[in-house]
Colleague: 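This is the structure, below, for whatever I ask next.
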Amino acid sequence: LVVWTVVLVLGTLLAAEAMRVRSMAPLARWHQEAPRSEFTARLARKGMSFDDYLRLEDEVFAELDGYYLDSAEAQRTSPVIRFVKGGLGDPATFSPNWNRTQILIPNGPAVGGALLLHGLTDSPYSMRSTAEELTDAGFLSICLRYPGHGTVPAGILKADWQDWYEAVKIAWRGLEERVPAGTPLV
């Protein structure tokens, strides 16, 4: 009797949850479509430079304009959602946009270079305070945005470790090019 009661209660809860999920709004474009211009490891194999990577990132973020909600949709949603243009959650309203790759240059000559890498599902923002400390100490700091991060939730579905690995290699070469030869790189 106890087993059947538990099965009945769990089955009822499961059915209620299934009905709740089915009644939810459909997934938005940003849940399903990654930016088409995002970096992939295949591009790195074609000799892409760090400056090329940054130009491609410009294309990715320009493409994100198509993901913003129109004004009627924006009024029906929370102002903190990332895809309300000019809303509280729109990273483009911050300067700089820390969802993007950042290069912090010290006031004087660079004493070295630092490449800072964020974690899975994060963005360069998580490296901001460390980069600022290193830059204050004289290091040129690059906070790399991994492919599939800092854009749309669907972006992470298309990116894989090879893309991230190649992006790091490109950023490392870009760091080497931007600091005096013989200075430490971390």
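FYI, side chains are in, hydrogens and waters are out, and symmetry mates aren't considered; it's all heavy atoms of this structure.
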Colleague: Take atom CD in Glu133; do more than 12 heavy atoms of anything else shown fall under 6.0 Å from it?
Modeller: no
Colleague: Search all heavy atoms of Asn99 against all heavy atoms of Phe61 and return the closest pair with its distance.
Modeller: O-CZ, 3.7 Å
Colleague: Quick one: does Leu116's side chain get under 4.5 Å of Pro124's, heavy atoms only?
Modeller: no
Colleague: What pair of heavy atoms forms the shortest contact from Pro35 to Val152, and how long is it?
Modeller: CD-CG2, 3.6 Å
Colleague: Closest approach of Pro147 and Ala167, non-hydrogen atoms and distance?
Modeller: CD-CB, 3.8 Å
Colleague: Is Val168 reachable from Ile142 through a run of I, L, V, M, F, W or Y residues, each pair having side-chain heavy atoms under 4.5 Å apart?
Modeller: yes
Colleague: Of all the heavy-atom pairs spanning Pro106 and Gly138, show the shortest one and how long it is.
Modeller: CG-O, 3.5 Å
Colleague: Using a strict cut-off of less than 4.0 Å between a Lys/Arg side-chain nitrogen and an Asp/Glu carboxylate oxygen, indicate whether Arg173 and Glu176 qualify as a salt bridge.
Modeller: no
Colleague: Look at Asp58 together with Arg55 and state whether they make a salt bridge at an N to O cut-off of under 4.0 Å.
Modeller: no
Colleague: Can you tell me how far the CD atom of Glu63 sits from the OG1 atom of Thr151, to the nearest 0.5 Å?
Modeller: 9.0 Å
Colleague: If you round to the nearest 0.5 Å, how far is CG of Leu56 from CE of Met48?
Modeller: 4.5 Å
Colleague: Hey, quick one: are Leu117 and Ile103 part of the same hydrophobic cluster, counting side-chain heavy atoms closer than 4.5 Å, chains of contacts allowed?
Modeller: yes
Colleague: Quick one: CG on Leu115 to NZ on Lys169, what's the gap to the nearest 0.5 Å?
Modeller: 13.5 Å
Colleague: Which heavy atom of Glu166 sits nearest a heavy atom of Ala41, and at what distance?
Modeller: CG-CB, 3.6 Å
Colleague: Among pairs that include at least one residue of residues 111-122, which meet side-chain hydrogen bond (donor to acceptor under 3.5 Å, both in side chains), considering only residues two or more places apart or in two chains?
Modeller: Asp122-Ser126
Colleague: Tell me whether Trp161 is reachable from Phe39 by hopping between hydrophobic residues (I, L, V, M, F, W, Y) whose side-chain heavy atoms are closer than 4.5 Å.
Modeller: yes
Colleague: Under a 4.5 Å cut-off applied to non-hydrogen side-chain atoms, are Thr40 and Leu43 in contact?
Modeller: yes
Colleague: So, the side chain of Thr101 versus the backbone of Arg145: is there a donor-acceptor pair under 3.5 Å, distance only?
Modeller: yes
Colleague: How far does SG of Cys143 sit from CD of Glu132, to the nearest 0.5 angstrom?
Modeller: 8.5 Å
Colleague: Could you tell me the separation between the CZ atom of Phe50 and the CG atom of Leu175, rounded to the nearest 0.5 Å?
Modeller: 8.5 Å
Colleague: Is the ring pair Trp164/Tyr146 parallel, tilted or perpendicular, if the boundaries are 30 and 60 degrees?
Modeller: tilted
Colleague: To the nearest 0.5 Å, what is the distance between CG on Leu134 and OG on Ser129?
Modeller: 9.5 Å
Colleague: Taking everything shown except Asn107 itself, do over 12 heavy atoms lie less than 6.0 Å from its CG?
Modeller: no
Colleague: Checking the side chain of Gln102 only, and the main-chain atoms of Asn97 only, is there a donor and an acceptor separated by less than 3.5 Å?
Modeller: yes
Colleague: Are Leu104 and Tyr53 connected in the hydrophobic side-chain network, where two residues link if heavy atoms are under 4.5 Å apart?
Modeller: no
Colleague: Are Ile170 and Val179 connected into the same hydrophobic cluster when the rule is that any two of I, L, V, M, F, W, Y join if their side-chain heavy atoms are below 4.5 Å apart?
Modeller: yes
